[in-house]
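Have a look at the structure below before the remarks.
We name chains A, B, ... by the order of the sequence lines, and we start the count at 1 in each one.
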Protein chains: 2
Amino acid sequence: MKNNTPITLKFLAEKLKMSVSTVSKALNNYPTINEYTKKRVQEMARDLHFTPNKSAINLKEKKSRIIGIILPNLLDHFFTRSIYGVEQFATQNGYNIIISQTHDDLQKEIQSANMLLRSRVDGLIVAISKHTQDFSHLDQFENMGIPVVYYTRNPSFNLNCHKVLGNTFQGCYQATKFLIDRGHQKIAYLGGPKMINFTHDRFNGYINALKDNNVPFSSELVAYTDFDKENTISAIKNLFANEDQNPTALVAFKEPILFDAIKYLKSINYPKFSDIECIGFGNTSFISYLDSPPIASIEENPESVGENAMRLLLQLINKEIQIEDYQKVMVDCKLVVH
Amino acid sequence: MKNNTPITLKFLAEKLKMSVSTVSKALNNYPTINEYTKKRVQEMARDLHFTPNKSAINLKEKKSRIIGIILPNLLDHFFTRSIYGVEQFATQNGYNIIISQTHDDLQKEIQSANMLLRSRVDGLIVAISKHTQDFSHLDQFENMGIPVVYYTRNPSFNLNCHKVLGNTFQGCYQATKFLIDRGHQKIAYLGGPKMINFTHDRFNGYINALKDNNVPFSSELVAYTDFDKENTISAIKNLFANEDQNPTALVAFKEPILFDAIKYLKSINYPKFSDIECIGFGNTSFISYLDSPPIASIEENPESVGENAMRLLLQLINKEIQIEDYQKVMVDCKLVVH
DNA sequence: TTGTAGGCGTTATCAA
DNA sequence: TTGATAACGCCTACAA
């Protein structure tokens, strides 16, 4: 069953004793081709398992039907869920995706970009590394007319670009509002690293919810962690050490640090521990197995973020949106009560 | 900075007033080209951001430096972790990966396969869908000389193929042995769906460990679940209802069902609950947040499975291993004590 | 209705 | 040391 000679149009043409162009047209259902001829060609193509060579078509059509994705890490839940969305939507529209991870290393990001440029991807979706401040390796794409959509990670040094971001402000606002509505007046906020944009967006959501509901703000109710476990613990200590403040609720940057916080408070038998109500970003499926679960989660809908990035990219590829008409798409979070 | 005319060798040649072939050779550092010429060409190429067109090269060289990956679902942790391994290793060796998910749907799997065939991937790594019994859509690849490595999901209907699988027998053996060494004589086994190969491999690991250590086997200590929550609960009820048996330890097919089991036993205040020691496949990072965590986890090393699949594929592509010399690679699990 | 010819961008062979 | 030419596989305008 193995065949060494690759099946090409030329090969089919010789077998059928007709010209390459007739074979091509027959396979592509050209109206000018005789029905009987079409049938003969199509049968032969099927029997011989003819598969058109995409490289040849790409070369001819000057497109690849491939979307490049650059992201930091394939072990991060958020990213894998977002890829799920991208892949789904891409496949539905006849595109394949090539994925490249950078491990948050700028050099790797540059390499990945160059690789994908060579591959003549029709579009690029990218979550930049932590250290990306110069965008020349990504700007190359737009210079060649290949649209780029930045997603998840906000490229704040790059003003003129298309972005799709989670509406983390809204998510945090909603969570805070939810806690206020449940009667809490002392709501602590545990933020992430200060260099991350999201940290501030979320803080703004928190503080705006307080303000809009006439809940007094106290800076003692705010702390930050760089995700390191010890760092998180000491932040939590600060928040809960002050007897005057005594927060009764907590909004956390993401669930893993929230779980660390809960674990810690429990371990020290924090006085009114069972009264404290917590919410974090994430909505991990394991929450149902926790003995002291958060009262709700802020679901960031990564699949939707991915899908929206792909949708925007497709509109750019199809020129439904002009490439210089820079878009900013915000994908809302959803509060999930457990 | 935008340029409409694509930068090709021809374009460079015209600018430099030399022939296309000279430009090509200069860029590829041919020894026959004058140093000064090389320099001129390379500078111009850099300044104009020349990027070789991979489609053209693919067409010429009859290879794509792309590896196709077909798998059921990008939301499954095991698969995303395995992709991490594949991507790493592929990138290191100059290959890109195209990922396609099938959602365990055979038709999608066939579509994906055809897509990747058109793309002339240099190799294919595939975790087959639950319903794949006919392999013709995948056999096409080998018929065209493109190597295929099956991984994770064992294609038991397909004898002549390369496979890379987790050594789930060994993992379960080790876990059972570990519990025996801790003095347990009544160890329950909670298996997965009976149609899955792994269910039986793991059961064999369990039973062999019992046998090798002279622990009597009792069929009342074995139950199966199809992962449905209610189904899991009723399986657990069966295992623990029988007063004569009273298992003191439990080995579970995977952690989510183990967590369901633990939660249930706790909820009914099962008498000697705190004495029961459990182990499941997975090693979820959230274990540290559980109040009644398993005593150990069976780590399946998905990244390593992915990397091994990619390594084997590379050897096949490079003809270091003959394509008919079918390989079976087992990747050992590791018992992680918490 | 079918065939001829040229081109997509690159590399390689051979001639100059 | 450089250049002309053919080829990779496919598509299509135009000629027959």
**Message:** Distance check needed: dG9(C) C1' versus Arg120(A) CZ, whole Å only.
**Reply:** 9 Å
**Item:** Value in whole Å for how far the P atom of dT10(C) lies from NZ of Lys63(B)
**Value:** 17 Å
**Prompt:** For the pair made of NZ in Lys25(A) and P in dC11(D), what is the distance, rounded to whole Å?
**Reply:** 12 Å
**Prompt:** Please give, in whole Å, the distance from dA7(D) P to Leu59(B) CG?
**Reply:** 14 Å
**Item:** Closest non-hydrogen atom pair between Tyr95(A) and Ile66(A), with its separation
**Value:** CD2-N, 3.9 Å
**Request:** In whole angstrom, give the distance that lies between atom CG of Leu27(B) and atom P of dG9(C).
**Result:** 15 Å
**Asked** Do you see a donor-acceptor pair shorter than 3.5 Å between the side chains of His103(A) and Gln88(B)?
**Response** yes
**Item:** N/O (side chain, Ser19(B)) to phosphate O (OP1/OP2, dG3(D)) under 4.0 Å
**Value:** yes
**Message:** Is Ser21(A) close enough to dT12(D) that one of its side-chain N or O atoms is under 4.0 Å from OP1 or OP2 there?
**Reply:** no
**Prompt:** Would you call Ile67(B) and Leu124(B) a side-chain contact if the rule is heavy atoms closer than 4.5 Å?
**Reply:** no
**Prompt:** Would you say dC11(D) has OP1 or OP2 under 4.0 Å from some side-chain N or O of Asn28(A)?
**Reply:** yes
**Item:** Interatomic distance where CG belongs to Leu9(A) and C1' belongs to dT2(C) [whole Å]
**Value:** 15 Å
**Message:** Please tell me whether Thr80(B) and Thr80(A) have a donor and an acceptor in their side chains that are separated by less than 3.5 angstrom.
**Reply:** no
**Message:** Parallel, tilted or perpendicular, judged at 30° and 60°: which one describes the rings of Tyr326(A) and His162(A)?
**Reply:** tilted
**Prompt:** Cut-off 3.5 Å, side chains only: do Asn58(B) and Lys63(B) have a donor facing an acceptor?
**Reply:** no
**Item:** For atom CG of Asn53(A) and atom P of dC8(C), their distance in whole Å
**Value:** 18 Å
**Message:** What's the closest nucleotide to the side chain of Thr8(B) if the choices are dT10(C), dC8(C), dC10(D)?
**Reply:** dT10(C)
**Asked** Lys60(A) has an atom NZ; how far is it from atom C1' of dA5(C), in whole Å?
**Response** 12 Å
**Complete:** In numerical order, the residues of residues 29-39 of chain A whose heavy atoms come under 4.0 Å of DNA chain C are Thr32(A), Ile33(A), Asn34(A), Thr37(A)
**Prompt:** OP1, OP2 of dG9(C) versus side-chain N and O of Lys62(A): anything below 4.0 Å?
**Reply:** yes
**Asked** Will you find, in the side chains of Gln140(B) and Asn114(B), an N or O donor that is under 3.5 Å from an N or O acceptor?
**Response** yes
